[in-house]
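Below is one structure, written out as structure tokens; the observations come after it.
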Amino acid sequence: MNLKHVLLLSTSILSIVACKSQQAVQQSTTIQKPAENQGFYQFTNEDPNASPFFAKKASVYAKNGLATSAHPVASQVGVDILKMGGNAIDAAVATQFALSVVHPAAGNIGGGGFMVFRDKKGKTFTLDYREKAPENASRDMYLDENKNVKAGQLSWVGHLASGTPGSVDGLEQAHKRFGKLTWQQVLQPAIDLAENGVKLTAREARGLNNVRAELIKFNPNKTYFMKADTAKWKEGDVLVQKDLAKTLRLIQAQGRKGFYEGETAKLLLAEMKRGGGIITQKDLDNYHAVWRDAVIDTYKNLKVISMPPPSSGGIALIQLLKFVEPYPLKKWGWHSDSTTQVMIEAERRVYADRSKWLGDPDFVKVPQKELLDAEYLKKRWQDFQFSQASDSKVIKGGTIAGFESTETTHSSFVDKEGNAVSITTTLNGSYGSKVVVDGAGFLMNDEMDDFSIKPGVPNVYGLIGNEANAIAPNKRMLSSMTPTIVEKDGKLMMVLGTPGGSTIITSVFQVFLNVAEHDMTMQQAVDALRFHHQWMPDRTTFEDGAFTEKTLIRLREKGYKMDAQKNTIGRMDCILVLPDGTYEGGADVRSDDTAVGY
Ligand code: GLY
């Protein structure tokens, strides 16, 4: 162990002590961190005092089960369900419903998501409950007669922005197939939270204040997401959601029928009619989540299990890993110029492919096998050279797919038998379309914006859409959500995922490598500063402080455009299984994310 390692170890021990009070809030049981997991990454920063972490936070360790999500109360619900004898699926389902109450910005029943499940025997399943374009949707629905995008951001806010929601059907299907507790039991915590109220975190209060004007615009009948007077929400205020409690009770009593039929459906359709939305009863009747085969491949001795299309996440993650696999990343060190260069070049090529080839597999042929073929990837890498940056204008691969916003939410679960669930769900934008279904009390998604609303032309974010992801009735919009599970030697090793729109894939990529190559603990891996490149625009954005000045100079000399940004990238909620079987939760320090174990 050299001096740098000794320094790092002392810093890490000091930070564990400093974070002790925070840790007490975060976990129900603390287990001594096993000595063999005192990993070190080789940080090549020339300044030994510089920290590569966004901030330091203590890991949560547990022997019997662990839940990590965007909100402390939702994670606690997950662990309470595990303690009642529920399995990881029960915990995941209960937590998703709880998130729809405590984290209305992204937790939802009016949106959709993806689930990757690995059972205790190692069998894998993925569930696609992504929203679908309504039957009355059409390719040019957001374009005027001159084929220009209509004013008003109609795919982003308001009633026309919503796809048919998938969350309730998906959660019911997952629970029916794998749950142990009753449906009534897994719904009850969310109902109680909606009925009795939940204390807003500072972040949730800020979020609601930020969308106040839009909520007023789209909801003439005031909703409880606005305060009664003009006062702003503040941390500690209690948000009670009686209408949502009523809707959740209907779902508890009737399953999917409590949402897609009867009173809730009636209110949803009335809301659509009031605001010019196009979802019909037929769309609701026809919505069914789909079990799909996971995308599975290897990185060295690790098996990576991730989400197939209509998410781009699994294919893109595996392509990224395959591109960097031959390089000695560990030896080069975390965020060294060489490590960063091959990661950026991998991202450039993968996002170019994503844009050209990926869409809903029920509508377009997705050449999954070809995109992951070793010979194909080798050929794709041939024009890479260390001496200079590649040029995104020259890299072939087509056009970038639709932009995905950053407001999504991820949670990870593992139970005492070793069943593991990785689940990412979204309304798309923060608080979705900003439309609250009057009388039913939940927010609708604005997922239609994840389609390319005008193929071939840059959207509002300067990104270009494509044909594979063009709008069609009943089609699912392309996603970047990347719920992922990793195995080592046939045993569960990691559960990974994050929100973050197009940065989801690169965030999962980085956290995976932080553990697999740079020997970080899961909490360190999650806290480490991140960067992102997505082919177009041809620039790398990074969280301020992610690179040393020397590294930035070297990369810029080769032609890389490196832009520091104040905004954070991703909110990872992950689990690592240590060699002795202890679970380590890594909940992102960037927000309210919390791991709870027992
Ligand atoms: N709406 C974010 C995504 O699906 O990637």
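Order of listing sets the numbers, starting from 1, for every ligand and every atom in it.
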Notebook entry, point to check: Hey, does E447 sit under 4.0 Å from ligand 1 if you only count heavy atoms?
Noted result: yes
Item checked: Ionic contact status for R274 with E271, cut-off 4.0 Å -> yes
Check: With atoms numbered from 1 as shown, which atoms in ligand 1 lie under 4.0 angstrom from a non-hydrogen atom of T426?
Finding: 1 (N)
Checklist line | Interfacing atoms of ligand 1 (cut-off 4.0 Å, heavy-atom, D450) | finding: 1 (N), 2 (C), 3 (C), 4 (O)
Check: Are the aromatic rings of Y142 and F451 close, with centres under 6.0 Å apart?
Finding: no
Margin query: Out of all atoms in ligand 1, which are within 4.0 Å of some heavy atom of N428? Include the element for each.
Written below: 1 (N), 2 (C)
Item checked: Salt bridge present between K475 and D360 (N-O < 4.0 angstrom) -> no
Next item on the list: Answer yes when R590 and E543 have at least one side-chain N-carboxylate O distance shorter than 4.0 Å, and no when they do not.
Entry: yes
Item checked: Carboxylate-amine/guanidinium proximity below 4.0 Å for D544 and K566 -> yes
Note to self: Can you name the atoms of ligand 1, numbered from 1 with element, that are less than 4.0 Å from a heavy atom of M481?
What the structure shows: 3 (C), 4 (O), 5 (O)
Next item on the list: State whether W535 and R354 meet the cation-pi test: NZ (Lys) or CZ (Arg) under 6.0 Å from the six-membered ring centroid, and within 45° of the perpendicular axis.
Entry: no
Note to self: Counting only heavy atoms closer than 4.0 Å, does ligand 1 sit against the backbone of R130, its side chain, both, or neither?
What the structure shows: side chain
Next item on the list: Find all atoms of ligand 1 within a distance of less than 4.0 Å from any non-hydrogen atom belonging to T408, and give their numbers and elements.
Entry: 2 (C)
